[in-house]
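Let me begin by presenting the structure, written as structure tokens, before commenting on it.
Here the structure is a predicted model, which is why all the values come from computation and not from measurement.
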Amino acid sequence: QVQLVDSGGGLVQAGGSLRLSCAASGRTLSNYAMGWFRQAPGKEREFVAAINRSGHSTRYADFVRGRFTISRDNAKNTVYLQMSSLKPEDTAVYYCAAKGSANYVTVYGNQYDYDYWGQGTQVTVSS
């Protein structure tokens with residue numbers, strides 16, 4: 001199975017940027033569709049962005065579209081989430097996730113489709 005390690009979170013002012021990374025080990029990342037989710041205190045975990053195995057198709061939640069970009073480097077076994085124009089409401093723990101047995105072209109936006117999860121990285125945006 002694949003192991004995922006999230007990193008890159010931190011404290012940033014509103015309007016700032018962060019890049020999250022999700023490093024995979026144990027399996028080749030190109031075999032997995034990938035996603036980013038987040039969970040704020042007292043709220044349910046929610047979908048942020050997802051990318052298919054090839055990296056050619058992506059999907060975003062409405063509240064991040066135009067501000068966040070998901071990408072992957074299969075040679076480095078790493079997925080990224082570039083976050084710009086951050087808002088205080090983006091404060092949450094961010095998790096990357098991997099779906100095994102994924103169709104090569106499908107983007108998966110449902111958290112219940114995913115099999116493996118990173119430990120999460122805290123993003124805090126101050127106003």
Donor-acceptor contacts under 3.5 Å from residues 98-109 side chains, at least two apart:
unit_1	atom_1	unit_2	atom_2	d
Asn103	OD1	Val105	N	2.9
Asn103	OD1	Thr106	N	3.3
Asn103	OD1	Thr106	OG1	3.2
Tyr108	OH	Asn103	N	3.0

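The shortest non-hydrogen separation linking Asp6 to Cys22 is OD1-SG, 3.8 Å. Leu29 and Ala24 get closest at one heavy-atom pair: CD1-CB, 3.5 Å.
Note that CG of Asn77 and CZ of Arg72 are 9.0 Å apart. Values are rounded to the nearest 0.5 Å. Here the straight-line distance linking atom CZ of Arg53 with atom OG1 of Thr28 works out to 10.5 Å at 0.5 Å rounding. Between the CZ atom in Arg67 and the OG atom in Ser17 there is a gap of 10.5 Å [rounded to 0.5 Å]. Here CG of Leu20 is found 4.5 Å from CH2 of Trp36. Values are rounded to the nearest 0.5 Å. Note that the CE atom of Met34 and the CG atom of Leu81 stand 11.5 Å from one another [nearest 0.5 Å].
A donor-acceptor pair is defined here as one N or O able to donate and one able to accept, closer than 3.5 Å; no such pair exists between the side chain of Gln39 and the backbone of Ala92.
Side-chain contact between Arg45 and Trp117 is present, with heavy atoms from C-beta onward closer than 4.5 Å. Taking the side chain as every heavy atom from C-beta outward, Glu46 and Arg38 approach each other to under 4.5 Å. A heavy-atom distance below 4.5 Å is found between the side chains of Cys96 and Leu4. Side-chain contact between Asn31 and Val2 is absent, with no heavy-atom pair separated by less than 4.5 Å. Here the side chains of Thr91 and Gln122 are in contact, with some heavy-atom distance below 4.5 Å.
In terms of hydrophobic clustering, with Ile, Leu, Val, Met, Phe, Trp and Tyr side chains grouped at heavy-atom distances under 4.5 Å, Val79 and Leu18 are assigned to a common cluster. Hydrophobic clustering (ILVMFWY, side-chain heavy atoms < 4.5 Å, transitive): Val125 and Tyr94 are in one cluster. Grouping the Ile, Leu, Val, Met, Phe, Trp and Tyr side chains by contacts below 4.5 angstrom, directly or via other members, places Ile70 with Tyr32.
For residues 40-92, the ring-ring contact (aromatic ring centres under 6.0 Å, His included) pairs, not counting sequence neighbours, are Phe37-Phe47.
Judged as a side-chain contact (heavy atoms from CB on, under 4.5 Å), and not counting sequence neighbours, the contacts of Ser127 are Pro88.
Electrostatic pairing of Lys87 and Asp90 does not count as a salt bridge here, judged by no charged N lying under 4.0 Å from a carboxylate O.
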